[in-house]
Amino acid sequence: MVKLWEGLTINDVAGAIASLTMIFGGIVPFIPQYQEIIRKQDSEGFSLYICLVLLIANTLRILFWFGRHFETPLLLQSILMIIAMLYMIKVCVSIQNEQQLIKMKERTFTDFETKYFWKWTDFQSYIDFVLIFGIVGAMMMYVFIDIPLFVESVGLLALLTEAMLALPQFLKNYRNKSTHGMSIAMVTMWTVGDSFKTGYFIQRRAPLQFAFCGMLQILIDLAILGQVHVYRNNTMSLHRPIRAD
């Protein structure tokens, strides 16, 4: 084994780089989408349900950590992802409110109207939901933490939810028959990141749930990239400027 200097090997450096990639790599794909939203001042092409999926998945993953400690980089990744998704929601809600020509009736979490779930008009409602979900989940984990089946089920649910990350975007593209407003760079980076992440899980012998759900994520990412090709004509027509004759 090659030593770079006393007590430090190439494997140590590679492991540190892999860990940092795991911590920060999850939020990098959202940077192109964020830039697209800011540039166009339009968030319609981005599904906020992606944020919902990641908030639920990473909250459950943090709760799973208390029942079964996994690698610290994966825990830090979840904390950072929650912060990033709340910021994305804040930006999208702010732009949506600014772009309204006719002021809509305010819809908040405390209205408890199921048809407007996750379509609230104020950012505080999203914060309230995440806090309540986290508190209820923490109470349940505290009560059932000594039951292995419950703990493992939380881990599996967290990772299955995360595996569905790209599904809202896939469904939105399908309904619109277009990928207009969606950052292709974001989905490409999802695919690369999920491939790296799945390999990391396998190499580090993470719980089986991690690798299985990682492979499921890759399949959905590839399906969205397929939509870019299938809907390319519709997407291009939406990009063309309207001529004034």
Side-chain angles (χ1 to χ4, degrees), residues 9-34 46-47 49-85 88 148 151-174 179 182-229:
T9 67
I10 290 178
N11 284 345
D12 293 332
V13 174
I17 293 173
S19 295
L20 287 173
T21 303
M22 284 300 302
I23 294 171
F24 296 99
I27 65 171
V28 170
F30 290 95
I31 295 175
Q33 183 67 66
Y34 168 78
F46 176 68
S47 174
Y49 287 105
I50 290 175
C51 299
L52 173 62
V53 169
L54 281 173
L55 286 169
I56 290 176
N58 285 281
T59 300
L60 289 173
R61 192 197 283 188
I62 292 170
L63 295 174
F64 179 46
W65 182 86
F66 285 99
R68 181 179 175 185
H69 288 2
F70 47 79
E71 288 201 345
T72 302
L74 298 178
L75 176 64
L76 295 176
Q77 180 200 53
S78 290
I79 295 171
L80 189 61
M81 183 63 77
I82 288 173
I83 295 171
M85 289 304 98
M88 284 289 287
V151 173
E152 294 297 329
S153 296
V154 169
L156 181 60
L157 182 60
L159 293 159
L160 279 175
T161 304
E162 185 176 353
M164 296 295 107
L165 160 65
L167 190 59
Q169 190 66 57
F170 176 86
L171 294 174
K172 185 160 194 168
N173 295 342
Y174 177 76
T179 58
M182 183 196 78
S183 170
I184 298 174
M186 176 185 72
V187 181
T188 303
M189 293 171 77
W190 276 351
T191 308
V192 173
D194 291 337
S195 299
F196 171 83
K197 181 172 65 177
T198 303
Y200 180 91
F201 294 154
I202 295 171
Q203 196 273 331
R204 294 299 182 97
R205 293 185 175 87
L208 185 62
Q209 300 103 311
F210 283 82
F212 172 77
C213 294
M215 288 186 282
L216 184 56
Q217 278 184 282
I218 294 171
L219 290 176
I220 299 176
D221 295 341
L222 293 174
I224 294 178
L225 291 176
Q227 287 180 317
V228 173
H229 174 72

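Residue numbers run from 1 in the order of the sequence given.
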Stepwise side chain to side chain contact (heavy atoms under 4.5 Å, CB included) test for L167 and V53: CA-CA 9 Å; L167 190 59; V53 169; over 6 Å; no
Exam field: side chain Q227 to backbone F170, donor-acceptor pair closer than 3.5 Å: yes
Within-4.5 Å side-chain heavy-atom neighbours: Q77 and F24: no
L156 CG to T161 OG1 distance, which is reported to the nearest 0.5 Å: 9.0 Å
Student check: side-chain heavy atoms of T198 and I218 closer than 4.5 Å: yes
Which atom of A158 lies closest to which atom of R61, heavy atoms considered: CB-N, 3.6 Å
Distance (rounded to the nearest 0.5 Å) between L63 CG and S78 OG: 10.0 Å
Sequence neighbours excluded, every pair satisfying side-chain hydrogen bond (donor to acceptor under 3.5 Å, both in side chains) that has a member inside residues 217-226: K197-Q217
Spacing of CE belonging to M81 relative to CG belonging to L55, to within rounding of 0.5 Å: 9.5 Å
Criterion side chain to side chain contact (heavy atoms under 4.5 Å, CB included) on L74 and F64, from CA distance to verdict: CA-CA 11 Å; L74 298 178; F64 179 46; over 6 Å; no
Pairwise distance CE(M88) to CD1(I31) - rounded to 0.5 angstrom: 10.0 Å
Minimal non-hydrogen separation, M189 against P32, with atom names: SD-CG, 3.8 Å
Close side-chain approach of I62 to I82, heavy-atom, < 4.5 Å: yes
Point-to-point distance, once rounded to the nearest 0.5 Å, from CD1 of I23 to CG of L80: 8.5 Å
Distance (rounded to the nearest 0.5 Å) between L219 CG and I224 CD1: 12.0 Å
Residues which pass side-chain contact (heavy atoms from CB on, under 4.5 Å) with L52, listed by chain and number, not counting sequence neighbours: Y49, I56, F117, W118, F129
V151 vs F66 side-chain heavy atoms within contact, under 4.5 Å: no
Any side-chain heavy-atom pair of L54 and F30 under 4.5 Å: yes
Sequence neighbours excluded, every pair satisfying salt bridge (charged side-chain N to carboxylate O under 4.0 Å, His left out) that has a member inside residues 19-33: none
